[in-house]
Amino acid sequence: MSLEPAEAAARGAPMTTPAGDIDTVAINTIRTLAIDAVEKADSGHAGLPMGMAPVAYTLWRRFLRYDPEAPVWPNRDRFVLSAGHGSMLLYALLFLSGVKAADAEGRALDRPAVSLDDIRAFRQLGSVCPGHPEYGLTTGVEVTTGPLGQGVGNSVGMAIAERWLEALFNRPGHPIVDYDIYVICSDGDLMEGVSGEAASLAGHLKLSNLCWIYDDNQVSIEGSTALAFSEDVSRRFEGYGWATRQVDDANDCEAVAAAIEAFRATSDRPTLIRVRSVIGYGSPHKQGTSKIHSDPLGAEEVKLTKQAYGWPPDAQFLVPQGARERMASGIGERGRQLRQAWDAAMGRYAEAFPTEAAMLRQMGSRELPDRWDEGLPTFATDAKGVATREASAKVLAAIGPAIPWLMGGSADLSPSTKTHLDFDGAGEFEAATYGGRNLHFGVREHVMGAAANGLALSGLRPYTGTFLAFSDYMREPIRLAALMRLPVIFIFSHDSIGLGQDGPTHQPIEQLAALRATPGLTVIRPCDANETVEAWRTILKLRTPACLILTRQALPTLDRGRFAAADGLARGAYVLGDAAGGEPQVILIASGSEVSLCIAAQAQLAEEGVRARVVSMPSFELFEAQAVEYRQAVLPSAITARVAVEAASPLGWDRYAGPDGAIIAMRGFGASAPIADVMPHFGFTADHVRQAALAQLNKARESAR
Ligand SMILES: Cc1ncc(C[n+]2csc(CCOP(=O)(O)OP(=O)(O)O)c2C)c(N)n1
Ligand SMILES: [Mg+2]
């Protein structure tokens with residue numbers, strides 16, 4: 001006699017098939033896959049997948065406009081798991097939905113993005129199921145998440161991008177851009193300050209294509225959120241101008257569906273759906289405790305949990321018949337139809353609007369438009385010169401019109417960072433004018449960085465702007481841009497104590513070293529207007545993030561007839577000029593504003609019969625990428641008498657100054673005073689460079705003796 005599963009369980013007979021209707025079974029498949037993966041890895045978080053499985057399942061099966069056969073279809077809805085510690089939720093969804101892997105060009109391959117074996121290898125070396133979702137590693141992962149708060153920040157950039165693309169490309173009868181951005185976020189996401197910046201900005205911009213689903217489980221790592229988090233989150237979001245919905249039980253799929261439908265019907269503001277869930281639901285002995293989301297359950301607990309789900313307690317990585325088919329008939333069917341209809345619509349669009357279609361294609365493959373660099377300025381020799389921020393503004397004025405998908409803004413400092421696009425028709429991106437090219441982030445550096453990453457993930461070429469000292473407010477998004485290899489341009493002006501009277505709070509010291517320490521990030525600090533042009537030329541050709549470091553104060557525009565051409569910048573460091581009369585005896589190396597001190601020192605040394613070489617070194621990273629022969633030609637090992645000069649932390653300069661070299665740098669914080677006093681006060685004078693060079697020469701002579 002065969003028993004119904006629940007009946008079998010009740011009688012204590014071993015259960016062999018899962019209980020419940022097919023939706024329940026599919027939901028419990030997500031939960032148990034997460035449990036088994038965490039258990040096998042002996043590491044990871046199963047709590048969020050267990051609690052939120054019904055919500056995510058409802059969203060994916062019934063709403064998400066996503067074709068598993070075409071995972072990078074441009075008009076797909078985006079799903080962001082901001083609570084990246086719940087990564088197994090996403091891997092289980094990708095697996096159950098049958099999402100295909102895609103190659104670097106976005107072509108679907110004949111294998112799944114995530115297989116059951118991949119899930120078995122959760123958190124193991126080389127697995128496409130790492131501890132936290134990683135963009136670029138696993139098809140279907142729209143963004144790398146894990147540092148709480150980043151995903152919600154990214155989602156605002158994604159929503160801005162969608163609105164902007166709509167405004168630029170849609171034509172009457174041709175709505176080719178029309179997608180939504182869904183986020184699952186946790187208590188931690190909403191405790192992080194960046195969620196406030198992000199929600200404030202999204203509410204202001206009335207981004208009704210944005211839906212955050214908040215897992216209100218009232219638990220975080222240290223225990224109940226009552227320990228540290230007691231605000232009324234819904235009221236907070238109402239204050240930001242969001243629509244808020246409440247779902248009282250995460251297991252109530254109809255209530256979840258109704259809330260998502262309400263989001264889709266809302267056209268004037270973003271939506272927060274607050275879902276009450278119980279972390280690790282179904283695990284009777286651990287409910288509401290903190291242990292559950294940060295540790296594997298343990299064999300006994302796993303069995304009890306599975307039993308509570310009506311699941312065969314001894315089955316592992318079980319995918320019951322019908323679960324994947326159930327997904328296929330929902331997201332799979334819907335996604336295929338929508339994508340096919342879109343392909344046809346896109347064909348009609350391309351015929352009617354070939355220029356726009358070509359632009360879309362070019363943008364999608366991250367190419368630059370033809371002749372984008374034709375209007376780049378060159379600057380005449382000028383002893384007084386211009387600030388590199390001013391030179392950068394001239395570059396932006398030229399390339400802004402030439403690269404339609406270059407867009408960005410500043411954290412309320414564009415008059416200082418000179419990052420506003422002023423050309424005719426550039427416009428402001430505001431709720432009533434989504435086609436504007438100028439973003440206004442307000443004084444919100446953190447979400448500016450995170451949103452820029454979201455813009456880049458949506459195919460745009462974003463830039464941000466603020467003072468270099470405040471890059472610290474953006475460290476996490478900069479780091480993630482590097483990790484994801486996103487071509488974001490982070491512009492930082494007011495790059496040293498040379499900014500003067502604002503004083504040490506505004507004068508960056510350690511920021512350059514910190515940025516240079518970030519793998520995959522290119523940091524460029526040009527020394528004059530023409531190097532600034534070359535810096536932009538180099539950065540725009542990159543497919544990875546870059547920081548452009550600019551001065552507030554004017555710098556002399558070098559005579560490129562006398563000194564080497566500014567395009568040497570592309571190689572990171574180059575010989576600006578040697579003294580006449582033979583091999584150099586000492587090398588003076590500097591970046592940015594300190595290069596001209598070295599040039600002046602070189603002239604003084606020449607009068608004393610000392611031959612100095614001046615090396616402009618705008619970028620460590622670009623220089624390190626050169627062949628050893630080139631690096632040797634610029635900085636020959638035989639010349640050990642060296643002086644490196646940079647008005648910032650000396651950290652890192654010993655690599656180029658050498659073990660015996662001198663480094664003129666900042667050993668402490670700056671001071672509030674006019675630039676004419678600040679620079680000499682901290683030793684940034686040509687004469688100091690000259691003295692250091694002479695001391696170096698003496699030292700080298702002595703050691704040669
Ligand atoms: C910026 C940041 N700080 C700390 C962590 C470590 N961390 C991972 S999960 C978590 C909190 C978990 O609580 P919650 O966000 O409510 O998620 P839940 O456990 O309820 O799924 C923390 C502090 C992190 N991932 N990111
Ligand atoms: Mg929580």
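One-based numbering, in listed order, for ligands and for the atoms of each.
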So, Arg65 and Asp77, do they make that salt bridge, N to O below 4.0 Å? yes
Is the closest basic N to carboxylate O distance between Asp232 and Arg274 below 4.0 Å? yes
Shortest non-hydrogen separation from Ile509 to Ala648 and the atoms involved: O-CB, 3.5 Å
With atom 22 (C) of ligand 1 as the reference point, say which of Leu148, Asp216, Asn217 has the nearest heavy atom. Leu148
Using 2.8 Å as a strict upper limit, say whether an N, O or S atom of Ala83 approaches the Mg ion (ligand 2) that closely. no
Please identify which of these residues, Arg269, Arg264, Arg163, meets the side chain to side chain donor-acceptor pair (under 3.5 Å) condition with Ser208. Arg163
Taking heavy atoms and a distance under 4.0 Å, where does Met191 meet ligand 1: side chain, backbone, both or neither? neither
Between Asp215 and the Mg ion (ligand 2), is there a contact where an N/O/S atom of the residue lies under 2.8 Å from the metal? no
Distance-minimising heavy-atom pair for Arg444 and Leu201: NH1-CD1, 3.6 Å
Give yes if a backbone or side-chain nitrogen or oxygen of His85 is under 3.5 Å from a nitrogen or oxygen of ligand 1, and no if not. yes
Val152 backbone acceptor or donor facing Ser82 side chain under 3.5 Å: yes
In plain terms, say whether Arg76 and Glu142 are close enough for a salt bridge, that is, a side-chain N and a carboxylate O under 4.0 Å apart. yes
Nearest 10°: the angle subtended at the Mg ion (ligand 2) by Val219 O and Asn217 OD1? 90°
Regarding ligand 1, does Ser186 bring an N or O atom to under 3.5 Å of one of the ligand's N or O atoms? yes
Per side-chain contact (heavy atoms from CB on, under 4.5 Å), Phe95 is matched among Leu90, Ile30, Thr29, Val114 by Val114
Using a 3.5 Å cut-off on N or O atoms only, is Leu48 in polar contact with ligand 1? no
On a heavy-atom basis, I'd like to know which of Thr225, Ile221, Asp189 is closest to atom 7 (N) of ligand 1. Ile221
State if Gly146 counts as touching ligand 1 under the rule of any non-hydrogen atom under 4.0 Å. yes
Which of the atoms in ligand 1, numbered in the order shown and given with their element, are less than 4.0 Å from a heavy-atom of Glu192? 1 (C), 2 (C), 3 (N)
Using 2.8 Å as a strict upper limit, say whether an N, O or S atom of Ser220 approaches the Mg ion (ligand 2) that closely. no
I want to know whether Phe237 and Tyr214 have ring centres closer than 6.0 Å. no
Under 3.5 Å, N or O to N or O, is Pro147 touching ligand 1 that way? no
Considering just N/O/S atoms, say which atom of Asp187 is closest to the Mg ion (ligand 2). OD2
Please check whether Asp187 reaches ligand 1 - meaning an N/O of the residue sits under 3.5 Å from an N/O of the ligand, judged on distance alone. yes
Give a yes or no on whether a salt bridge exists between Arg475 and Asp472, defined as a side-chain N under 4.0 angstrom from a carboxylate O. no
Check ligand 1 against Gly188 and write out every atom of the ligand that is under 4.0 Å from a heavy-atom position of the residue. 14 (P), 15 (O), 16 (O)
